[in-house]
Amino acid sequence: MDKLIIRGGKRLFGSIEIGGAKNAAVAILPATIMASSGKAIIDNIPEIEDVQCIERIIEGLGCKISRVNNTVTVDSTTLTSTDANTEDVRKMRASYYLIGALLGRFKKARVELPGGCPIGVRPIDQHIKGFEALGAKVTVEHGTVSVEADRLIGTNIYFDVVSVGATINVMLAASLAEGTTILENAAKEPHIVDVANFLNSMGANIKGAGTDVIRITGVSELKGCNYSVIPDQIEAGTYMIACAACGGEVTVNNVIPKHLESISAKLIEMGAEVIEDGDSVTVKSNGDLKGVNIKTLPYPGFPTDVQQPMSTLLTVAKGKSIINESIWESRFKHVDELKKMGANIKVESRIAIIEGVEKLTGARVKATDLRAGAAMVIAGLIAEGVTEVTSIEHIDRGYPHIENKFKKLGADIERVTE
Ligand code: EPU
């Protein structure tokens, strides 16, 4: 088991490159299996455990995969199985995209229910509602979702909740349905647009992604293509927040500043400087910031996935801050760890009330989930003394080479194997 040892108190200076978006990559890779001819060559795939996990899963179904640096080539013409039930499938959330992808291409799939971060109940009723509306028979038995259809027929689907996963999953299946599907109350996250662009590059006909109404005209087959994944807004946001917390001046390169607006706006409200320049954003901070209130919301609102890193920053901001986590009901598991470091936080259901303290002090703390892990790393970077962050396999699921990137910015951080 690896852990991170951080000697806090250093300001951060310099620039780093942001990788491809995890939540786009883990949807695009399953989508590659919908190609019945040609190869999908995808660039800017981040080097993270969740990506390796999905690669192993689709390889297990019979696809051929190769990687050169950040470019992954998938040949799905050799795919033989529509049955996904390995440990990897159970481990990660995004394995549910295999249901939509296999249903689209083969009109059937059996996929074990997905795992993922323990951040709340994670139902897939909206995914199922969409598949059924397209004409599939869906059963959930012994922890496995089975879907089957003679034909998939396009239709109108109104989602009851705004769901990233359901929007993408139904979009996958509908791409190879007969006729037109209209998804209403669709999620608008940048990675929804990215997956739609990828599918269109494979020959699909999807319009309106990025708005809450997506129109998909089914096509009879999809083929391989060349594509490049968008930058990871959450990884970028995490480093921006770290700079604001530690003080210093950090430029995050290879980003789409528009995707970061809700994060930039909060940092500016707190007193940091944020400068956009083409495909980079620079944060300048003297570390002396004031508390703010945050409510997590679907895009373009403040992303739930940076709520935990942001909460660390708020522990040392002046005055009181209130976080309302409206997406996940258990996304405050990191709070007990922050308290070990001297943070003053009260959690009542989905609300966290944070009273800023003068400083955090180093301690042995745990990454309870992926973004909680990033939150604890930032806590270690600002704390006085030494912090050990354990269970960092959670962090490796979503942040490529986190210790190297922080080291490049001047942090004193190292990975050791226990
Ligand atoms: N929901 C339902 N029914 C459904 C689907 C979702 O009630 O069928 C509810 C959920 O319980 C939640 C809300 O809708 O309250 C939003 O869930 P969504 O489906 O949007 O989340 P997801 O697709 O499971 C993705 C990301 C998460 C991110 C959320 C919200 C992936 C693999 N995961 O999850 O990312 O928090 O969207 O933006 O794309 C992370 O990267 O750390 C992470 C957890």
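Atoms within each ligand, like the ligands themselves, are counted from 1 in listed order. Scope of the values below: all heavy atoms of this structure, side chains included, with no hydrogens, waters or symmetry mates. When a residue number appears, it is its place in the shown sequence, counting from 1.
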Answer with yes or no whether [X] contacts ligand 1, where contact means a heavy atom under 4.0 Å from a ligand atom.
X	answer
Y299	no
P123	yes
H394	no
K22	yes

**Request:** Could you tell me how the ring of F406 sits relative to the ring of Y239: parallel (under 30°), tilted (30 to 60°) or perpendicular (over 60°)?
**Result:**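 Geometry flag for Y239 against F406: tilted rings.
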
**Asked** Parallel, tilted or perpendicular for Y96 and H127, by the 30°/60° rule?
**Response**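 The arrangement is tilted - the two ring planes meet at 30° to 60°.
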
For ligand 1, which part of [X] has a heavy atom less than 4.0 Å away: the side chain, the backbone, both, or neither?
X	answer
Q126	both
L370	side chain
A166	neither
R331	side chain
Y96	side chain
I327	both
V164	both

**Asked** Of the options T304, T368, D369, which is the one that meets R331 in a side chain to side chain donor-acceptor pair (under 3.5 Å)?
**Response**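 Of all the options given, the one that passes is T304.
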
**Request:** Using side chain to side chain contact (heavy atoms under 4.5 Å, CB included) as the criterion, point out the one residue from D88, T86, T144 that pairs with E112.
**Result:**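 Only match with E112 under side chain to side chain contact (heavy atoms under 4.5 Å, CB included): T144.
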
**Request:** Please name the residue in the list M376, E388, K339 that meets the side chain to side chain contact (heavy atoms under 4.5 Å, CB included) test with V365.
**Result:**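 When M376, E388, K339 are each tested with V365, the side chain to side chain contact (heavy atoms under 4.5 Å, CB included) holds only for M376.
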
**Message:** Is it the case that the side chains of H191 and N23 hold a donor-acceptor pair, with the cut-off being a distance below 3.5 Å and no angle test?
**Reply:**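 The answer is no; no qualifying pair exists.
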
**Request:** Tell me yes or no: between the side chains of H334 and S311, is some donor less than 3.5 Å from an acceptor?
**Result:**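 Yes, side-chain donor-acceptor contact under 3.5 Å.
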
**Request:** Find all atoms of ligand 1 within a distance of less than 4.0 Å from any non-hydrogen atom belonging to H127, and give their numbers and elements.
**Result:**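 Here the atoms of ligand 1 in question are 8 (O).
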
**Prompt:** Which of the atoms in ligand 1, numbered in the order shown and given with their element, are less than 4.0 Å from a heavy-atom of R93?
**Reply:**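 Numbered from 1, ligand 1 contributes 24 (O).
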
**Message:** For K320, I'd like to know if atom NZ has over 12 heavy atoms of other residues, nucleotides or ligands within 6.0 Å.
**Reply:**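 At most 12 heavy atoms, drawn from other residues, nucleotides or ligands, come within 6.0 Å of this atom.
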
**Message:** Is there a polar contact, in the sense of an N or O pair closer than 3.5 Å, between S163 and ligand 1?
**Reply:**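 Yes, since at least one N or O of S163 sits under 3.5 Å from an N or O of ligand 1.
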
**Prompt:** Does an N or O from G165, backbone or side chain, lie closer than 3.5 Å to an N or O of ligand 1?
**Reply:**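 For ligand 1, there is an N or O atom that lies under 3.5 Å from one belonging to G165.
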
**Message:** Working note: R371 + H394, criterion side chain to side chain contact (heavy atoms under 4.5 Å, CB included); need CA distance, chi angles, decisive distance, verdict.
**Reply:** CA-CA 8 Å; R371 309 299 174 188; H394 289 295; over 6 Å; no

**Request:** Measure from NZ or CZ of R350 to the centre of the six-membered ring of W328, then state whether that distance is under 6.0 Å and the direction lies within 45° of the axis.
**Result:**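 No, cation not above the ring by the 6.0 Å, 45° rule.
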
